[in-house]
There are 2 protein chains.
Amino acid sequence: MTYCVGLCLREGLLLLGDTRTNAGVDNISVFSKLQHVEVPGERVLGLCTAGNLAITQAVWGHLQEGVSLDGRLATLRDVPTMFQAARLVGAAVRAIYKQDGQALSQQNIGFDCSLLVGGQIGAEPPRLFLVYSAGNFIEATADTPFLQIGEHKYGKPILDRNLSFDTPLAEAVKLALVSMDSTIRSNLTVGLPMDLMMLRADALRVDQRRRIAEDDPYYTVVRVGWGQALKAAYMALPAPEWARNSS
Amino acid sequence: MTYCVGLCLREGLLLLGDTRTNAGVDNISVFSKLQHVEVPGERVLGLCTAGNLAITQAVWGHLQEGVSLDGRLATLRDVPTMFQAARLVGAAVRAIYKQDGQALSQQNIGFDCSLLVGGQIGAEPPRLFLVYSAGNFIEATADTPFLQIGEHKYGKPILDRNLSFDTPLAEAVKLALVSMDSTIRSNLTVGLPMDLMMLRADALRVDQRRRIAEDDPYYTVVRVGWGQALKAAYMALPAPEWARNSS
């Protein structure tokens with residue numbers, strides 16, 4: 001499995017993904033699930049993938065070589081808007097389904113893939129999309145500024161409680177790392193290292209592209225600090241009168 | 001869906017379940033998923049259920065009337081040990097499968113149910129089991145003192161991080177309520193009110209059986225206090241140098 005989360009905020013965009021893939025629990029590998037395309041001053045896009053690795057690698061490979069959209073061959077380097085970028089990724093997914101779907105089905109393997117496509121092109125604000133295995137997609141908005149793929153449930157409460165469109169990027173990094181850390185602790189199929197990409201609105205270049213491993217100093221601060229803070233927070237809550245006093 | 005969690009600790013046992021059932025998202029009802037049997041001074045058992053309501057109600061109904069186990073009719077009021085109680089619940093599940101499984105399958109409905117069975121009988125310590133839809137089961141141990149059924153992922157990180165066999169019951173109540181609150185906030189199919197049962201080791205009676213609604217004073221303390229504490233905790237973590245300083 002996988003866990004990837006994308007945050008589309010006033011200050012910019014953050015994509016974070018783990019790197020674990022597994023075929024069963026006894027065949028675990030490290031593959032990056034975060035790709036990006038950068039034309040400094042003109043566009044910057046990131047892509048996170050979840051699902052069957054053969055499918056998601058095929059989608060990315062197809063995107064690299066050009067996908068037919070509205071009768072012409074396009075790539076993420078030349079689509080004019082982020083909406084068209086999401087359409088292009090959807091078209092790539094549909095092309096791979098057309099190519100592989102039946103053969104997978106004959107082996108009783110579902111066509112399992114989902115993708116986050118985030119970035120900024122020209123004068124548009126940063127935008128973030130979640131593309132489904134059917135090639136259709138939804139877009140994050142100020143009301144719901146984050147989208148998740150893969151093992152999304154463990155890391156959702158911290159985002160539901162604390163993230164808003166106006167959360168500063170530097171604060172959002174903390175929340176995303178806590179969300180990932182909670183997932184990694186509770187689910188073996190999500191694992192370190194993780195890949196992070198951050199871009200600031202209107203910079204039109206990658207601000208940060210980092211691989212974060214277990215010994216990463218900042219991740220250690222978050223991991224240890226968050227654990228201690230959670231413990232202190234629950235210890236500070238009063239115990240219920242009825243549980244203390246019962247006998 | 002449903003979320004129920006059982007905690008089997010040195011001091012005693014806690015069962016907590018929500019009360020929402022849904023057939024689709026447009027047909028939501030309140031049903032208690034927590035039942036108990038009490039023979040003061042002799043035994044106390046609680047049962048939490050998740051899955052198809054018709055199945056879980058049939059299992060509970062069958063348990064009330066007596067289930068055939070090893071050639072004789074038994075109920076939770078007369079099984080000699082908690083292990084036999086778990087076997088009895090498993091036998092009830094299998095009996096309902098035998099009765100309803102094929103008809104459900106013909107309607108393309110899976111035989112979806114899981115149960116927590118916890119309690120204490122006589123001189124045995126409190127024990128907690130998770131019974132699967134196949135009627136087989138696992139038991140909580142000091143290494144993993146909690147078991148969950150239903151929508152378990154949202155509320156798992158807080159337990160993974162903080163709960164141990166030696167956590168006092170009064171503290172465990174907080175963790176269980178936070179676990180439930182996180183689930184309710186992130187998943188519409190889990191909803192208030194919740195039902196709680198607590199028993200202290202060797203008391204052989206129900207210590208607390210409470211229905212906790214939205215306006216419950218202690219739940220309000222936990223809900224509001226936890227939200228504030230989480231926010232303070234993540235605000236107190238330093239932002240990464242590279243996210244602050246990038247430009």
Side-chain angles (χ1 to χ4, degrees), chain A residues 12 14 151-162 168-175 177-179 181-187 196 198-200 203 207-208 210 212 216-219 221-222 225-247, chain B residues 12 14 151-162 168-175 177-179 181-187 196 198-200 203 207-208 210 212 216-219 221-222 225-247:
Chain A
L14 188 74
E151 279 289 354
H152 65 283
K153 294 186 180 182
Y154 305 99
K156 190 166 186 286
I158 184 72
L159 301 174
D160 278 337
R161 286 180 195 266
N162 292 290
L169 265 180
E171 300 293 314
V173 169
K174 297 185 212 173
L175 291 173
L177 288 180
V178 168
S179 175
D181 183 51
S182 297
T183 309
I184 287 173
R185 277 170 185 262
S186 291
N187 191 309
L196 175 147
M198 186 170 104
L199 59 94
R200 292 189 182 272
D207 188 277
Q208 299 289 328
R210 308 182 82 88
I212 299 173
D216 179 89
Y218 182 66
Y219 178 51
V221 166
V222 168
W226 185 252
Q228 289 169 345
L230 270 197
K231 179 144 201 184
Y234 108 80
M235 295 298 284
L237 286 176
E241 202 67 35
W242 46 261
R244 280 198 304 253
N245 293 353
S246 57
S247 59
Chain B
L14 187 73
E151 279 288 353
H152 65 282
K153 295 186 181 183
Y154 306 98
K156 189 166 186 286
I158 184 71
L159 301 173
D160 278 336
R161 287 179 193 267
N162 293 290
L169 264 180
E171 301 293 316
V173 169
K174 296 185 213 173
L175 290 173
L177 289 180
V178 168
S179 176
D181 183 50
S182 297
T183 308
I184 287 173
R185 277 170 184 260
S186 291
N187 192 307
L196 175 147
M198 187 170 103
L199 58 95
R200 292 189 182 272
D207 188 277
Q208 298 289 329
R210 307 183 82 88
I212 299 173
D216 180 89
Y218 181 66
Y219 178 51
V221 167
V222 167
W226 186 252
Q228 289 168 346
L230 270 198
K231 179 145 202 182
Y234 107 82
M235 295 299 283
L237 286 176
E241 203 65 37
W242 45 262
R244 279 199 303 254
N245 293 351
S246 57
S247 60

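Only a predicted model underlies this, so the values are computations on that prediction, with no experimental measurement involved. Letters A, B, ... are given to chains in the order of the sequence lines, protein chains preceding strands, and every chain is numbered from 1.
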If you count heavy-atom pairs under 4.5 Å between each of A/K231, A/R185, A/R210, A/Q228 and chain B, which one has the most? A/R210

What part of B/I158 lies closer than 4.5 angstrom to a heavy atom of chain A: side chain, backbone, both or neither? side chain

Kindly say whether A/Y234 contributes a backbone atom to a donor-acceptor pair with the side chain of B/K174 at under 3.5 angstrom? yes

Best-contacting candidate, A/V173, A/L177, A/T183, against chain B by heavy atom pairs under 4.5 angstrom: A/V173

Contact winner vs chain A - B/L230, B/L159, B/L237, heavy-atom pairs under 4.5 Å: B/L237

If you count heavy-atom pairs within less than 4.5 Å of chain B, which of A/D181, A/N162, A/V222 leads? A/N162

Measuring from B/N187:CG to A/K153:NZ, what's the distance to the nearest 0.5 Å? 6.0 Å

Between A/P157 and B/S186, the two heavy atoms sitting closest are CA-OG, 3.6 Å

Return the minimal non-hydrogen interatomic distance between A/R161 and B/S182, and the atom names on each side. NH2-OG, 3.0 Å

At a heavy-atom distance under 4.5 Å, which candidate from A/L169, A/L175, A/V178, A/V221 has the highest pair count against chain B? A/L175

Any donor and acceptor pair, going by atom type alone, linking the side chain of A/Y218 with main-chain N or O of B/P238 inside 3.5 Å? yes

Chain A interface, residue from B/A172, B/A170, B/A229 that has the most non-hydrogen pairs under 4.5 Å: B/A170

Measuring only between side-chain heavy atoms, which start at C-beta, is B/W242 closer than 4.5 Å to A/L196? yes

